[in-house]
Amino acid sequence: MKKFVNDPKNYVAEMLEGVALANPGALRYVPAYNLIMRSDAPNDNKVSIVQGSGSGHEPAHVMEVGKGMLDAACPGDVFAAPPMDYVYETAKLLSSPKGVLLLVNNYTGDRMAFDMGKEMAEADGVRAEILTVNDDVAVQDSTYTVGRRGVAGNFFVIKAVGAAAEQGAELDEVIRVGKKVNDVTRTMGVALTACTPPAKGSPLFELGADEMEFGVGIHGEPGRERRKLKDADAIVDDLLEAVVTDLPYDRGDRVALMINGLGGTPLSELYILFRRAHQRLADRGITVGRSYVNEYCTSLDMAGASLTLVRLDDEIEGLLAAPAEAAVRVF
Amino acid sequence: MKKFVNDPKNYVAEMLEGVALANPGALRYVPAYNLIMRSDAPNDNKVSIVQGSGSGHEPAHVMEVGKGMLDAACPGDVFAAPPMDYVYETAKLLSSPKGVLLLVNNYTGDRMAFDMGKEMAEADGVRAEILTVNDDVAVQDSTYTVGRRGVAGNFFVIKAVGAAAEQGAELDEVIRVGKKVNDVTRTMGVALTACTPPAKGSPLFELGADEMEFGVGIHGEPGRERRKLKDADAIVDDLLEAVVTDLPYDRGDRVALMINGLGGTPLSELYILFRRAHQRLADRGITVGRSYVNEYCTSLDMAGASLTLVRLDDEIEGLLAAPAEAAVRVF
Amino acid sequence: MTMRQTEFVVRVIAETAIENEKYFGDLDSVVGDGDFGYSLARGFEKLLEGWDGLDRTDPGTFLKKCGIVITSRIGGTSGPIWGTGFLRAGAAAGDAAELTAVQVVAMLRAAIEGIKARGQSDVGDKTLLDALVPMTDALASGGLPAAAVAVREAADATAEMVAKRGRAAYTGERSRGSVDAGAMAVAVLVERISETWPKQGDAS
Amino acid sequence: MTMRQTEFVVRVIAETAIENEKYFGDLDSVVGDGDFGYSLARGFEKLLEGWDGLDRTDPGTFLKKCGIVITSRIGGTSGPIWGTGFLRAGAAAGDAAELTAVQVVAMLRAAIEGIKARGQSDVGDKTLLDALVPMTDALASGGLPAAAVAVREAADATAEMVAKRGRAAYTGERSRGSVDAGAMAVAVLVERISETWPKQGDAS
Ligand SMILES: Nc1ncnc2c1ncn2[C@@H]1O[C@H](COP(=O)(O)OP(=O)(O)O)[C@@H](O)[C@H]1O
Ligand SMILES: Nc1ncnc2c1ncn2[C@@H]1O[C@H](COP(=O)(O)OP(=O)(O)O)[C@@H](O)[C@H]1O
Ligand SMILES: [Mg+2]
Ligand SMILES: [Mg+2]
Ligand SMILES: [Mg+2]
Ligand SMILES: [Mg+2]
C-alpha cells in the first residue's frame with residue numbers, strides 16, 4: 001500500500017491530531033467524538049454550523065472548520081458516516097440559542113446518524129435543524145433510491161451558510177440560503193483510478209489502463225458506468241453536458257465553476273480541465289463569475305476530478321465572496 | 001496513462017491558460033514566454049519578484065503569483081528549466097527602477113538559463129539580481145556536484161522576499177532577507193511512487209510494492225537510495241533526523257514546519273505525517289511556531305512528501321505572517 | 001432462549017464479525033465503499049470492551065443495551081441498521097427471563113420491522129433484509145439448522161438482484177452479479193451460530 | 001565542409017533528434033527526469049520551423065544562428081549546453097565559405113570548450129562530453145567512419161561512470177550501470193551523419 005499510514009485503525013485519529021496541532025489556538029479537538037471545532041464556538045449570537053460525513057474526503061470537512069465556514073466537523077471512519085453519538089455530542093457542544101445547523105451529505109448512513117443524533121440532542125434542549133446536500137447529477141433521483149448524493153458542491157453550501165451565520169442571520173434565514181445554494185448546485189465526477197482505503201490496503205476495484213469510471217461519488221465506489229478513457233477536453237465536455245443540462249444552466253447565466261480534484265490528480269491537470277470547461281461555458285453563453293480549482297472533497301488517493309456549477313445571483317455571490325478562514329493552511 | 005491530458009505538447013500551455021482564466025483581472029498571461037504575471041506589475045515602487053523552473057511542480061510557481069508573493073513566473077516544459085528567452089523577456093517585462101529579483105532553484109539548467117537571461121536583460125538596462133534556493137539536504141554539497149537542490153523550501157523564500165518587496169524594501173534588503181531564509185531552511189523528501197510525465201506516458205521508474213525512494217528531489221528522478229517501505233511515523237523520524245541534524249536545529253529553536261505533498265498523496269496522510277513531526281520536534285525541545293500542511297511544490301502525480309523546517313526569528317516570522325494572495329484558489 | 005444463550009449468541013455474532021472483517025470489507029468493495037467489515041468489526045470490538053458491564057437483568061434488557069452501544073458507536077449505515085435491529089429485538093423480548101422459540105421468532109420479526117422502518121427498505125432491495133427475512137421464516141418452520149441452510153441460499157440469491165437501497169444502488173444495473181455484503185454477513189453469522197449452538201446447548 | 005553540407009549535417013541532427021524523442025527521453029528516465037528527448041525534439045522542431053529563414057551567408061554564420069535558436073528556445077540543461085556548442089562552433093568557423101577537415105575538428109574543439117565552460121564540466125563527469133571528445137579525437141585521426149565507431153564505444157562506456165554533473169549526479173553511485181542520455185544522443189546523431197554522409201557527398 002503506497003500510503004503514509006501507521007495502524008490503519010488510528011488513521012482518522014492521527015489525522016485529526018495533526019489538524020489540531022497545525023492550528024493551535026484556532027481549533028479544539030475532542031478525540032472521543034472525532035470532533036474538530038472552532039475554539040471560539042459556540043457563539044451565543046451566531047448559528048452554529050456543523051457537518052459530519054465519513055473521513056477520506058479531506059479537506060472536507062475537518063479542514064473547512066474556521067471563521068465564516070464550519071464551526072465544527074465530526075467525521076466518522078474512512079467512508080463511514082459518523083456514529084450517532086458523535087452527532088449527538090457535537091450538537092450539544094455546539095448548542096447556541098440561535099440554533100445549530102447540521103449539514104448532511106445525502107447518504108443513507110449519514111442521514112440516519114444525523115436524524116437520530118438530532119432527535120436526541122433536541123430531547124436535551126438543543127435547537128437543531130438538518131440541511132441535506134445533494135448535488136450529484138450522476139444519480140437519478142427516484143423513489144427507488146435514497147436520492148442524489150452530496151458531493152463536492154457541499155463546499156458552496158458550507159461557504160454560503162457559514163457566511164450568513166457569521167453575519168448574524170437567524171437559523172431560518174441560514175437554512176433558506178443553504179437550500180437556495182444547494183438547489184442551484186450540480187456536480188458530476190469521473191475517476192481514473194480506484195482509491196485504497198487504509199484498512200483495506202488495496203484498491204477498491206481494478207480499472208484497466210484505458211478505462212475510467214464515469215459518474216462517481218466520493219467514496220471510492222464504482223460510478224454509473226465504465227468508459228473508455230478519453231482526452232481531457234472530451235472528458236470535460238461529457239461532464240459539462242451532464243451538469244449543464246441537468247438544472248439546466250442557460251445562456252445568460254452567471255456561475256461559479258469548480259474543478260475539484262479527487263485526491264491523486266495534480267493541480268496542473270485540474271487547470272487543464274478548468275480551461276476547457278471555462279471555454280465551453282463561454283460557447284454556451286454562460287459566464288464564469290467565480291473560479292475554484294483545487295481539492296475540496298476527495299476520495300483518499302483516487303485520481304479523478306469533479307466539475308461543479310453554481311448558478312449565481314447577487315446574494316449567493318456576496319456570500320461566496322465573504323471573508324473566510326479554514327484550517328487547511330496555504331500561507 | 002491515468003491523467004487528464006490532451007496533446008502532451010500542450011500540457012503546460014493549457015494549464016497556464018487555465019490559471020489565467022481562473023484569475024481574470026488579477027493575472028496576465030503571455031503565451032510566448034509561458035509567463036504568468038500580476039496584472040498590476042511591474043510597480044515602480046517595488047522590487048519585482050520573479051521565479052522560473054520547470055513545470056510539473058504546481059502550485060510552484062505559477063500559482064504563487066499574487067500580492068505579497070511572486071510578481072511573475074515563467075516555467076519551462078515539464079521538468080525542464082525555462083529557455084533563456086523566457087527569463088530574458090520576463091525580466092524585461094517586469095523591469096522596475098527598484099530592480100528585479102530572479103529566484104532560481106539550484107539546478108544546472110535553471111542556473112544557466114537565468115545567468116544567461118539576466119546578462120541579456122542587463123545589457124538592455126534591466127537591474128536584475130539572482131537569488132538561488134538550495135534547501136535539499138538529500139544532496140551533499142560538494143565540489144563534484146552542482147550543489148544542493150532547491151525544493152519545497154522555496155515557498156518560504158518566495159513568501160519572505162514577496163513580503164519584503166511588498167513592504168517597499170530595496171533590492172539589497174530583499175536579497176538579504178531571501179538569503180537569510182534560505183540559510184535556515186532545510187528539506188528532505190521521500191517518494192512512494194514514481195510520477196508519469198505526460199510526454200512520456202508511463203512512470204519514470206518502477207518501484208516495488210514494499211519500496212520507497214528516500215531523498216528525492218522534485219523532478220521525479222530516483223532519490224539517494226531505495227529503502228523498504230516503513231510506517232508513516234518511522235518515515236517521519238528518518239526525514240526529521242536528516243533535516244534536524246543538518247543545519248542543525250537545536251533545543252530552544254522555534255521553527256516553521258512544512259509537510260509538502262508531492263502530488264499524489266492526499267491531505268489526510270500529510271496531516272498524519274505532520275502530527276508525528278510536531279510531536280518529535282517537541283521531544284527535541286523545538287517549538288513549531290508556524291505550520292504548513294498542503295501541496296506547495298510537487299512532482300506531477302508522485303505519491304510522496306517532503307518535510308521542511310525553517311528556523312524562525314521575529315523578522316522571518318513577521319514576513320511569513322504578512323498578508324499574501326496567490327492564484328491558487330481556496331475560497 | 002436463556003440469558004446465557006442470549007449472551008452466547010451475541011458473543012458469537014461479535015466474534016464472527018471481528019474475524020470476518022476483511023471478508024465483509026471485500027464484499028462491500030465490489031459495488032460499495034469497502035467499509036462494512038471495518039465498521040462492524042470496530043463496533044463489535046467496542047461492544048466486547050464493555051461486555052462485562054452490560055445489564056444482564058433479562059435477555060430483552062441485555063439486547064437493548066447491546067443495541068444502544070451498536071447504534072451509538074458504529075458508523076456508516078450499519079450502526080443505525082444493526083443497532084435498531086438489536087433494540088427492537090430487545091423491546092419485543094420484554095422482561096421474560098427465558099424466551100420460547102416462538103418468542104425468538106417474534107423478536108426477529110420485530111428487528112426486521114425496525115430495520116425496514118429505519119432503512120426505508122424492504123425485501124427485494126438487495127440488503128441484509130433479503131437474508132434476514134428468509135432466515136427467520138425458516139427458523140420458524142424448521143429450527144436453527146433449516147435457518148442456516150436457508151440463509152446461505154438467500155444470501156447467494158442476492159447476486160441476482162439490482163440494489164435499490166444503500167450505496168450499491170448508485171451503480172444501478174452494475175450491482176447485479178455480486179452478493180450483498182450485509183446479506184452475506186447475516187448468512188455467515190447465522191451459520192456460525194448454528195454450528196456452535198449444539199455445544200452451547202450441551203454446556204448449558 | 002560546404003554550406004550545403006553544413007546545412008545537411010544540422011538537418012540530420014534535427015531530424016534524428018525528433019525521431020528519437022522517445023528513446024532519448026527513456027534514457028534520461030533511468031537516473032534523470034525524462035525530459036531530455038522532449039526538450040531536444042521540441043527545440044529542433046523550432047529550428048526546422050524557421051529553417052528557411054536562417055542566414056546562410058557562410059557555415060559559421062549559419063551555425064551561430066542555429067545556436068541562438070537552440071539556446072533561446074530549448075529548455076532544461078540541454079538548451080544552453082547544445083546552443084553554446086553551436087554558437088562556439090560557428091564562431092570558430094569564422095567567415096570561411098568552405099571548411100577543411102582540420103577546421104571542422106577545430107570547430108568541434110571550440111564547441112567542447114564552450115560546453116565545458118557553460119556546464120562547469122569535463123571529461124569523466126558522465127555527460128555528453130564523454131562522447132563528444134573521443135568522437136572528435138577519432139574524427140581528427142580517422143575521419144567520419146572512425147568517429148562513428150569511437151562515439152558508440154565512448155557512449156557505451158559512460159555506463160561505467162558515476163555522474164558528477166547534471167541531474168544524474170544527485171543519485172551518486174546509483175548512476176553507475178546506465179549510459180548517459182546526452183552521450184548516447186551524440187552517438188546516435190554521429191552514426192546517422194556517418195551513414196547518410198556518403199549519399200550527401202555524392203549528391204553535392
Ligand atoms: N436502507 C437500507 N436498509 C437496510 N439495509 C441497508 C440499507 N442500506 C444498506 N444496507 C445494508 O448495509 C450494507 C452496507 O453497510 P455499510 O457498508 O455500513 O454502509 P455504507 O453504504 O454506508 O458504507 C449493505 O450491504 C446492505 O446490506
Ligand atoms: N553540467 C553539464 N555539462 C555538460 N553536459 C551536461 C551537464 N549536465 C547535464 N549534461 C548533459 O545533459 C543531459 C541531460 O539533459 P536534460 O535532460 O535536458 O537536463 P536536465 O537534467 O536539466 O533535465 C545529460 O545526459 C548530460 O549528457
Ligand atoms: Mg460507507
Ligand atoms: Mg529536466
Ligand atoms: Mg460500505
Ligand atoms: Mg532531464
Side-chain angles (χ1 to χ4, degrees), chain B residues 8-9 34 52 54-56 75-89 107-113 115-117 120 136 138-140 142-146 148-149 194-205 213 215-226 299, chain D residues 21-26 28-43 45-46 67-84 87 115 117-122 124-127 162-175 178 182:
Chain B
K9 290 182 195 170
N34 277 6
S55 287
D77 275 313
V78 171
F79 295 160
M84 182 198 67
D85 244 26
Y86 292 12
V87 178
Y88 168 54
E89 299 291 344
Y107 297 96
T108 309
D110 296 85
R111 282 182 54 174
M112 292 190 302
D115 283 344
M116 293 159 70
M120 287 177 60
D136 182 10
V139 174
Q140 290 315 308
S142 84
T143 48
Y144 294 118
T145 68
V146 66
R148 292 181 158 181
R149 299 175 286 212
C195 64
T196 297
K200 179 163 164 62
S202 60
L204 269 174
F205 54 86
E213 283 283 339
V216 292
I218 53 172
H219 296 83
E221 67 273 53
R224 286 299 290 179
E225 36 176 327
R226 190 162 289 199
S299 300
Chain D
E21 173 177 349
K22 191 170 154 26
Y23 175 51
F24 293 170
D26 287 348
D28 187 38
S29 301
V30 184
V31 284
D33 58 350
D35 63 333
F36 173 62
Y38 186 88
S39 290
L40 274 198
R42 292 298 84 69
E45 273 170 12
K46 279 184 193 128
I68 289 171
V69 174
I70 293 169
T71 314
S72 54
R73 309 310 303 266
I74 305 194
T77 298
S78 297
I81 288 283
W82 289 62
T84 299
L87 282 170
I115 291 172
R118 174 67 60 209
Q120 297 185 280
S121 47
D122 209 333
D125 288 349
K126 189 165 186 159
T127 70
V162 173
K164 297 202 187 99
R165 284 287 177 270
R167 205 174 294 282
Y170 300 131
T171 62
E173 270 296 328
R174 294 178 74 185
S175 63
S178 52

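Fair warning: this is a prediction, and the values are worked out from it, not measured in the lab. In what follows, chains carry the letters A, B, and so on, assigned in the order in which the sequence lines appear, proteins first and then strands, with residues in each chain numbered from 1.
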Residue pair B:Gly223 / D:Arg174: nearest heavy atoms and the distance that separates them:
O-NH1, 2.9 Å

Please round to the nearest 0.5 Å and tell me the distance separating atom CG of B:Asp85 and atom CD1 of D:Ile74.
12.0 Å

OG on D:Ser72 to CD on B:Glu89, rounded to 0.5 Å:
9.5 Å

Choice from B:Glu225, B:Arg111, B:Met112 maximising heavy atom contacts with chain D below 4.5 Å
B:Met112

Measure distances from B:Pro82 to the heavy atoms of chain D and classify the residue's part below 4.5 Å as side chain, backbone, both or neither.
backbone

Of all heavy-atom pairs linking B:Phe79 and D:Asp35, the shortest is O-OD2, 2.9 Å

Results of salt bridge (Lys or Arg N to Asp or Glu O under 4.0 Å) for D:Asp33 - residues two or more places apart only:
D:Arg167

Per-residue tally against chain B (heavy atom, under 4.5 Å) across D:Gly32, D:Gly43, D:Gly79, D:Gly166 peaks at D:Gly32

Output the option from B:Ala81, B:Gly76, B:Gly56 having the highest count of non-hydrogen pairs under 4.5 Å with chain D.
B:Ala81

Could you have a look at B:Gly217, B:Gly109, B:Gly54, B:Gly201 and say which one has the most heavy-atom pairs with chain D under 4.5 angstrom?
B:Gly109

Any residue meeting ring-ring contact (aromatic ring centres under 6.0 Å, His included) with B:Tyr86, in chain and number order, not counting sequence neighbours
none

When you measure from the side chain of D:Arg73 to the backbone of B:Met84, do you find a donor-acceptor pair of N or O atoms at a distance under 3.5 Å?
no

Region of D:Thr171 that comes under 4.5 Å of a non-hydrogen atom in chain B:
both

Measuring heavy-atom distances to chain D, does B:Glu213 have an atom under 4.5 Å in its side chain, in its backbone, in both, or in neither?
side chain

Any idea which heavy atoms bring B:Pro8 and D:Tyr38 closest together, and the distance?
O-OH, 3.8 Å

Which portion of D:Arg118 sits near chain B, non-hydrogen atoms under 4.5 angstrom
both

With chain D, the option among B:Met120, B:Arg226, B:His219 that has the most non-hydrogen atom pairs under 4.5 Å is B:His219

Any idea which of D:Gly25, D:Ser29, D:Ser78, D:Gly83 has the most non-hydrogen atom pairs under 4.5 angstrom with chain B?
D:Ser29

Which region of B:Pro203, side chain (C-beta onward) or backbone (N, CA, C, O), has a non-hydrogen atom less than 4.5 Å from a non-hydrogen atom of chain D, or is it both or neither?
neither

Going by an N to O cut-off under 4.0 Å, is there a salt bridge joining D:Asp26 and B:Lys200?
yes

Top of B:Asp136, B:Val216, B:Thr108 for chain D proximity - count of heavy-atom pairs under 4.5 angstrom:
B:Thr108

In short, B:Ala80 meets D:Ser39 closest at the heavy-atom pair CB-OG, 3.7 Å

Compare every heavy atom of D:Gly172 with every heavy atom of B:Arg224, then report the nearest pair and how far apart it is.
NH1-N, 4.2 Å

